[in-house]
Amino acid sequence: MNSRQLKQHVAAHISEMINLREEIVKALKLAEDPAKLVLGCIISRGFRGNRRFPVSRTVVHDNKQKLSRMAAVLILECFVMISSDGIEIEKSDQECAAKAAVDWKIRMLKEGGFGKTGEVDARGLLLFISGFGIQDHVFNPPDIMDLMRASNWKGISTALCRSAFLIPKMPCMLLFCLYFLLP
């Protein structure tokens with residue numbers, strides 16, 4: 001199964017969320033290169049290059065795009081959940097993910113910042129940086145905190161707690177919160 005087929009399958013069965021999560025986790029664990037599979041789901045007509053609310057001609061197109069984005073976020077969530085299981089990400093995939101994350105960040109900032117972005121978009125970027133371990137100089141603690149607020153992170157807290165990349169950054173983020181956000 002390639003990334004396009006995976007995303008289409010998830011979008012078609014998005015209403016069966018519990019079973020779908022189990023299927024996606026199994027599929028990612030069995031994949032030869034799960035990071036490349038997930039990158040394919042995101043980068044090919046995913047979040048980073050498109051505007052948040054594209055101008056379309058039909059309601060059907062809007063619904064398909066919404067389902068596609070929800071499917072991509074669910075795939076990312078499952079990838080983050082297995083990221084602590086020793087998934088190796090190739091250097092080329094990390095570079096591609098870093099470039100995609102920067103593009104995504106720039107687009108969101110142009111649209112009004114992380115605080116004004118939609119929940120699905122913010123959740124997608126938060127899961128993306130949690131799964132692929134984007135460097136500290138790209139996303140600093142205030143950026144991550146804004147993404148967490150905008151993404152309704154409680155819905156994905158299980159995945160975020162299993163992230164191999166986000167958890168080591170948490171002490172720094174907690175210190176930031178204590179220093180800047182509390183009186």
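Rounded to the nearest 0.5 angstrom, Ile129 CD1 and Asp143 CG are separated by 8.0 Å. Going from atom CG of Leu28 over to atom CD of Glu23 covers 11.5 Å, rounded to the nearest 0.5 Å. For the atom pair CZ of Arg162 and OG1 of Thr158, the computed distance is 9.5 Å after rounding to the nearest 0.5 Å. Here the OG-CD1 distance, from Ser130 to Ile144, works out to 7.5 Å after rounding to the nearest 0.5 Å.
Formation of a donor-acceptor pair under 3.5 Å by the Ser157 side chain with backbone atoms of Lys154 is found in this model. Not a single donor-acceptor pair under 3.5 Å links the side chain of Thr117 to the backbone N or O of Met108. With hydrogens and angles ignored, the 3.5 Å screen pairs no side-chain donor or acceptor of Ser68 with any backbone N or O of Lys64. Proximity of a side-chain donor or acceptor of Ser83 to a complementary backbone N or O of Ser163 within less than 3.5 Å is not detected.
A ring pair (Phe, Tyr, Trp, His ring centres under 6.0 Å) check over residues 13-42, counting only residues at least two apart or in different chains, returns the pairs His9-His13.
Cluster membership for Met81 and Met148, using ILVMFWY side-chain heavy atoms within less than 4.5 angstrom, is not shared. Clustering ILVMFWY residues whenever any of their side-chain heavy atoms sit less than 4.5 angstrom apart, transitively, puts Met17 in the very cluster that holds Leu76. Under a hydrophobic-cluster definition in which Ile, Leu, Val, Met, Phe, Trp and Tyr are linked whenever side-chain heavy atoms come within less than 4.5 Å, directly or via other members, Leu147 and Val73 are assigned to the same cluster.
Across Leu39, Leu127, Ile87, a single residue satisfies side-chain contact (heavy atoms from CB on, under 4.5 Å) together with Phe79, and that is Ile87.
Considering only heavy atoms from C-beta on, Arg21 comes within 4.5 Å of Glu77 through its side chain. A 4.5 Å side-chain heavy-atom check between Phe128 and Trp104 finds at least one atom pair inside the cut-off. In this structure, Met70 and Lys66 have side chains that are in contact, with non-hydrogen atoms separated by less than 4.5 Å. Side chains of Phe114 and Lys105 form a contact here, defined as non-hydrogen atoms less than 4.5 Å apart. Counting only heavy atoms from C-beta outward, the side chains of Val38 and Ser3 never approach each other to under 4.5 Å. The shortest side-chain heavy-atom distance between Lys29 and Pro34 does not fall under the 4.5 Å cut-off.
Electrostatic pairing of Asp121 and Lys116 does not count as a salt bridge here, judged by no charged N lying under 4.0 Å from a carboxylate O. Comment: Lys99 does not engage Glu95 in a salt bridge, judged by the lack of any side-chain N to carboxylate O separation of less than 4.0 angstrom.
Annotation: salt bridge (charged side-chain N to carboxylate O under 4.0 Å, His left out) contacts of Glu119 (sequence neighbours excluded): Arg123.
Scanning all heavy atoms of the two residues, the minimum distance from Ile14 to Leu20 falls at CA-CD2, 3.8 Å. Scanning all heavy atoms of the two residues, the minimum distance from Leu37 to Asn2 falls at CD1-C, 3.6 Å. Heavy-atom minimum distance, Cys41 versus Ile75: SG-CD1, 3.8 Å. Nearest heavy-atom pair across Asp93 and Ala35 is OD2-CB, 4.3 Å.
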Verify side-chain contact (heavy atoms from CB on, under 4.5 Å) between Val102 and Phe139, making sure each step is shown before the conclusion. CA-CA 9 Å; Val102 169; Phe139 291 92; 5.9 Å; no

Does Ile156 form a side-chain contact (heavy atoms from CB on, under 4.5 Å) with Leu126? I'd like the steps, not just the answer. CA-CA 10 Å; Ile156 54 172; Leu126 182 61; 4.2 Å; yes

